[in-house]
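The structure appears below as C-alpha cells.
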Amino acid sequence: MLMQSSPVMQAMAQAVVAADDRAISSVSLLAPLSHGPARLLVTWAGLDCPTRITGMIEGADITVIAWSKHPDHITQLPPLTAPETAILEAAWAWGAWDIVRTCHGPGYNGALPEEWDAFAPDLRAQGWVVWTFRPMMGGPEVRLAAHRRDKRTGKADITLHPVSMGRHEAMPDVRPPPIRPGTQHIITLGTEAARRARGRVPPATARQISLIGHLRKEAGDDTQADPRRMTIREASAEIERLTGKSAPRKAPQMTVSQHRTIIQLMQARRIRQIDHREAPQGDPFFWRISYAEAQRWIAYLQGR
C-alpha cells in the first residue's frame with residue numbers, strides 16, 4: 001500500500017488491527033487551526049454482539065436484547081506539517097470516492113460529537129479543520145454491494161483496484177481551495193465510468209505519453225499528474241505547457257448573421273454589378289470565408 005510511512009496511514013492500520021479487522025464506516029482527521037496535536041478518528045460500521053438482559057416487570061418475565069455501537073478509535077498523532085496532504089493520500093489509497101473538508105473558526109458554539117469531549121475545549125478556542133472520508137477498502141459489505149450495482153449502470157469508480165477496492169497508483173495532482181473558517185468543500189477523488197464515457201474524449205495516445213515523459217525528464221519537471229490517466233486533450237495541453245508552444249488556432253468562420261447581411265446587400269446592389277477585380281477574396285456563398293473576410297465583404301458592399 002502507498003504511503004505506509006505516513007502517520008495517518010500507520011494509525012489507520014493499527015486501528016483496524018486493534019478492532020479485529022472490523023469494517024470501517026468513516027475516517028476523520030481533526031487538526032487545530034493554530035497549534036496542537038491532530039487526531040485521527042475511525043468510526044466502525046455495524047453493531048457489537050447483542051447483550052441479553054432478563055428481568056421481571058409486574059410479574060412477567062421480560063428479556064431485552066441491547067445492541068451497542070463499537071466505540072470510535074481515536075489516535076493522537078505527532079505534529080503534521082501537511083495534514084491535508086496526509087489525509088488526502090490516505091483517502092486515495094483506501095479508495096474513498098471523495099473527502100469532505102469542514103473548517104470552523106475560534107469561538108464555535110455548536111454541538112460536537114460526544115466522543116470529542118476530551119479535547120472539545122481546545123477545538124472551540126482555536127478553531128479546527130476536519131477531513132472525513134468513507135473508504136471502499138475495508139468498508140462495510142453494503143458499500144461494496146452498492147459499488148457492484150454501480151458497475152451495471154456505469155456509475156462505478158473506475159480508479160479502484162477490482163480486488164482490494166483501494167488504489168495502488170500514486171495520487172494525481174489534487175488542488176483543494178484554500179482553508180477558510182466557516183467553509184465546507186467536497187474534494188472528489190474518484191471517476192465514474194459513465195462520466196468518462198459521456199465526455200467522448202479518447203485517452204492520451206502512446207506517443208503523447210512517451211513524449212510527456214521525455215519532456216519532463218529533460219526539463220527536470222516533477223509534476224505528479226500521470227499522463228496515462230490523461231485524455232488526449234489534457235495530454236496535448238501538457239505538451240504545450242512543457243514545450244511552451246501552442247497549437248495554431250483556426251481563424252473563426254463567417255457567422256450566420258454575416259452571411260445573411262452579405263446576401264441582402266448583394267441582392268440590393270445586384271450581383272452582376274459587382275466588380276470582382278475589386279471585391280475581397282473568397283466565396284461568401286458557400287461559407288468559404290473567415291469572419292474577418294466576411295467583414296471586408298460587408299464593408300465593400302456597403303461602399304465603405
Side-chain angles (χ1 to χ4, degrees), residues 1-29 38-48 70 72-75 77 80 82-101 130-176 186-197 203-204 209 213 223-231 234:
M1 186 182 294
L2 298 173
M3 300 301 297
Q4 281 287 8
S5 60
S6 163
V8 173
M9 296 288 282
Q10 290 180 356
M12 285 186 63
Q14 293 168 1
V16 171
V17 171
D20 296 327
D21 290 330
R22 183 181 295 270
I24 301 174
S25 174
S26 65
V27 178
S28 298
L29 177 68
R39 291 174 173 85
L40 186 76
L41 285 74
V42 180
T43 302
W44 307 107
L47 300 171
D48 281 341
H70 196 77
D72 294 351
H73 187 97
I74 302 177
T75 305
L77 302 175
L80 300 175
E84 182 155 78
T85 300
I87 194 64
L88 282 173
E89 288 171 344
W92 170 261
W94 284 73
W97 169 257
D98 57 26
I99 184 166
V100 181
R101 185 188 71 192
V130 57
W131 296 265
T132 300
F133 69 87
R134 297 183 181 276
M136 287 297 297
M137 185 171 67
E141 176 58 31
V142 65
R143 193 175 298 159
L144 302 178
H147 184 270
R148 288 192 289 269
R149 290 194 301 272
D150 287 344
K151 282 188 174 181
R152 297 194 292 269
T153 62
K155 294 182 179 179
D157 185 352
I158 61 174
T159 63
L160 299 180
H161 189 277
V163 178
S164 69
M165 302 304 290
R167 299 184 181 95
H168 299 176
E169 298 178 355
M171 184 180 71
D173 187 25
V174 179
R175 300 181 182 181
I186 298 176
I187 305 165
T188 303
L189 301 174
T191 302
E192 279 185 9
R195 186 176 68 184
R196 176 71 61 85
I209 294 170
T223 305
Q224 295 299 313
D226 188 347
R228 294 172 298 177
R229 306 188 70 85
M230 292 180 178
T231 65
E234 293 168 342

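In this chain, residues are counted from 1 in sequence order.
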Checklist entry - Quick one: CZ on Arg167 to CE on Met136, what's the gap to the nearest 0.5 Å? => result 9.5 Å
Next on the checklist: Side chains of His147 and Leu160, heavy atoms from C-beta outward: is any pair under 4.5 Å?
Outcome noted: yes
Next on the checklist: I need the minimum non-hydrogen distance between Met137 and Ala93, along with the two atoms involved.
Outcome noted: CE-O, 3.7 Å
Item to check | Parallel, tilted or perpendicular, as decided by the 30° and 60° cut-offs, for the rings of His73 and Trp44 | outcome: perpendicular
Checklist entry - Is any side-chain heavy atom of Leu88 closer than 4.5 Å to a side-chain heavy atom of Trp131? => result no
Checklist entry - Do the side chains of Val8 and Val27 get nearer than 4.5 Å, heavy atoms only? => result no
Next on the checklist: Give me the atom names and distance for the closest heavy-atom approach of Ala11 to Thr75.
Outcome noted: CB-CG2, 4.1 Å
Checklist entry - What closest approach, in Å, do Pro176 and Glu84 show between heavy atoms, and which atom pair accounts for it? => result CG-OE1, 3.7 Å
Checklist entry - Do Leu80 and Leu29 have side-chain heavy atoms sitting under 4.5 Å apart? => result yes
Item to check | Min side-chain heavy-atom separation Leu189-Trp97 under 4.5 Å | outcome: no
Item to check | Test log, rule side chain to side chain contact (heavy atoms under 4.5 Å, CB included), inputs Trp92 and Val174 | outcome: CA-CA 10 Å; Trp92 170 261; Val174 179; over 6 Å; no
Checklist entry - Ignoring hydrogens and geometry, is there a side-chain-to-backbone donor-acceptor pair from Asp98 to Ile187 under 3.5 Å? => result no
Item to check | Thr159 backbone acceptor or donor facing Asp157 side chain under 3.5 Å | outcome: yes
Next on the checklist: Tell me the closest heavy-atom pair linking Pro7 and Leu77, and the distance in Å.
Outcome noted: O-CD2, 3.9 Å
Checklist outcome for this item: Interatomic distance, OG1@Thr132 vs CD1@Ile99, rounded to 0.5 Å, equals 7.5 Å
Item to check | Evaluation steps, side chain to side chain contact (heavy atoms under 4.5 Å, CB included), between Glu89 and Thr85 | outcome: CA-CA 6 Å; Glu89 288 171 344; Thr85 300; 3.6 Å; yes
Checklist outcome for this item: Between Pro227 and Ala204 the two heavy atoms that sit nearest each other are O-CB, 3.8 Å
Item to check | Exercise: do Arg134 and Ser25 side chains pair donor with acceptor under 3.5 Å | outcome: yes
Item to check | Rounded distance [0.5 Å steps], CD1 in Ile74 versus OG in Ser28 | outcome: 10.0 Å
Next on the checklist: When you measure from the side chain of Asp226 to the backbone of Arg228, do you find a donor-acceptor pair of N or O atoms at a distance under 3.5 Å?
Outcome noted: yes
Checklist entry - Mind checking whether Arg229 and Pro172 have side chains closer than 4.5 Å, heavy atoms only? => result no
